[in-house]
Amino acid sequence: EKEQILLDEEAIRRALTRISHEMIEKNKGMDDCILLGIRTRGYPLAEQLAVNIKRIEGIELPVGSIDITLYRDDLEKKQSDPKIHDLELPASIEGKKVILVDDVLYTGRTVRAAMDALMDKGRPNQIQLAVLVDRGHRELPIRPDYVGKNVPTSRSEQIRVQLHQSDATDKVSIVQT
Ligand code: 5GP
Ligand code: MG
């Protein structure tokens, strides 16, 4: 296995700080915004963004989580629909701006499922998307509003995301599997 480091701890911290500033600028403050982390690793990222925004802007954003599993049939190169296991909303999303947060954006199917689940719960004013890594290969017309790092990948490569909340270290690398 070949592993190449893309972002170390400092680089992740800086990327999240930059994204926090971009969010504040785009939303002209953060009134009526809710962060929604896609589990597993989108959730600690959403929590860190909330900490940053509190520090920079003095506003405490509600943070929720959504748990989605994708079933991929690699043999047939066919993907079935993602399944929503759990949606924890910290507040009503009616008329709010919901910012989805995930570690890696790939085909876009997970984000699409998250948007479907959200719109079953109410009518948000807007949905935005923040990802730590965009690895390309989109199959849907979905693009992130905030990106930590764009990483062109081949399908045989994998992005390994390690965050101290779950992995005892903060590191993003690319591995050839
Ligand atoms: P998509 O639904 O866009 O195809 O895939 C995005 C979801 O699958 C995200 O929740 C992400 O965590 C996971 N994912 C897809 N590709 C990768 C990858 O290369 N590395 C990691 N760590 N997660 C991935
Ligand atoms: Mg995921």
Side-chain angles (χ1 to χ4, degrees), residues 1-16 19 23 34-50 63-90 93 98-121 124 127-177:
E1 183 197 271
K2 221 174 69 194
E3 178 177 12
Q4 184 198 336
I5 297 179
L6 300 171
L7 299 170
D8 62 11
E9 185 184 340
E10 290 288 277
I12 292 172
R13 186 176 55 73
R14 291 193 188 106
L16 294 177
I19 289 172
M23 282 182 178
I34 295 173
L35 290 164
L36 191 68
I38 300 177
R39 287 192 185 274
T40 309
R41 289 180 180 75
Y43 183 66
L45 293 172
E47 282 189 309
Q48 185 59 54
L49 291 169
V63 183
S65 71
I66 183 164
D67 190 353
I68 303 165
T69 309
L70 279 175
Y71 296 104
R72 289 199 162 91
D73 189 337
D74 286 336
L75 264 177
E76 290 182 41
K77 294 263 178 273
K78 201 182 77 187
Q79 295 176 326
S80 54
D81 283 342
K83 216 175 131 100
I84 308 291
H85 289 287
D86 195 33
L87 174 58
E88 286 175 34
L89 292 176
I93 60 166
V98 180
I99 306 176
L100 294 170
V101 182
D102 209 349
D103 57 349
V104 177
L105 179 61
Y106 184 42
T107 65
R109 286 168 191 270
T110 300
V111 166
R112 190 216 124 128
M115 292 193 290
D116 281 352
L118 270 179
M119 288 161 84
D120 278 349
K121 295 283 177 190
I127 299 176
Q128 299 173 10
L129 175 62
V131 296
L132 187 57
V133 173
D134 181 351
R135 61 167 292 196
H137 301 281
R138 214 81 73 243
E139 295 174 5
L140 295 166
I142 285 171
R143 56 149 190 78
D145 299 279
Y146 316 96
V147 186
K149 192 177 176 67
N150 283 293
V151 182
T153 59
S154 71
R155 286 197 184 266
S156 65
E157 287 168 324
Q158 269 268 115
I159 303 296
R160 178 175 293 157
V161 178
Q162 293 168 281
L163 299 173
H164 68 268
Q165 289 90 341
S166 48
D167 313 290
T169 183
D170 287 295
K171 193 167 84 179
V172 175
S173 48
I174 185 165
V175 289
Q176 182 75 54
T177 48

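Whatever order the structure lists them in is the order used to number ligands and atoms, beginning at 1.
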Peer 1: Could you check whether Asp134 pairs with Arg143 (Lys NZ or Arg NE/NH1/NH2 to Asp/Glu carboxylate O, under 4.0 Å)?
Peer 2: no
Peer 1: Any idea which of Val131, Thr107, Val104 brings a heavy atom closest to atom 23 (N) of ligand 1?
Peer 2: Val104
Peer 1: For a quick test of reading the model, state the closest non-hydrogen atom pair linking Lys171 to Ile12 and the distance between them.
Peer 2: N-CD1, 3.5 Å
Peer 1: For atom 19 (O) of ligand 1, which of the options Ile159, Val133, Thr177 provides the nearest non-hydrogen atom?
Peer 2: Ile159
Peer 1: So is there a nitrogen or oxygen of Tyr106 less than 3.5 Å from a nitrogen or oxygen in ligand 1?
Peer 2: yes
Peer 1: Determine the minimum heavy-atom distance between Gly108 and Ile142, stating which atoms define it.
Peer 2: O-CD1, 3.3 Å
Peer 1: Looking only at distance, does Ile38 have an N or O less than 3.5 Å from an N or O of ligand 1?
Peer 2: no
Peer 1: Considering residues at least two apart in sequence or located in another chain, which fulfil the salt bridge (Lys or Arg N to Asp or Glu O under 4.0 Å) criterion with Asp170?
Peer 2: none
Peer 1: I'd like to check which ligand 1 atoms, numbered from 1 as shown, lie under 4.0 Å from a non-hydrogen atom of Gln158.
Peer 2: 18 (C), 19 (O)
Peer 1: Which is closest to atom 10 (O) of ligand 1 by heavy-atom distance: Ile68, Asp102, Val161?
Peer 2: Asp102
Peer 1: Just heavy atoms, cut-off under 4.0 Å: does Glu139 contact ligand 1 by side chain, backbone, both, or neither?
Peer 2: neither
Peer 1: Counting only nitrogen or oxygen atoms and a 3.5 angstrom limit, does Leu105 reach ligand 1?
Peer 2: no
Peer 1: For Ser156 and Gln176, does a side-chain donor sit closer than 3.5 Å to a side-chain acceptor?
Peer 2: yes
Peer 1: Does the N or O separation between Thr110 and ligand 1 drop below 3.5 Å for any pair?
Peer 2: yes
Peer 1: Does the pair Ser173 and Glu3 meet the rule for a side-chain hydrogen bond (donor to acceptor under 3.5 Å, both in side chains), with working shown?
Peer 2: CA-CA 6 Å; Ser173 48; Glu3 178 177 12; 2.6 Å; yes
Peer 1: To the nearest 0.5 Å, what is the distance between CD1 on Ile5 and CZ on Arg160?
Peer 2: 10.5 Å
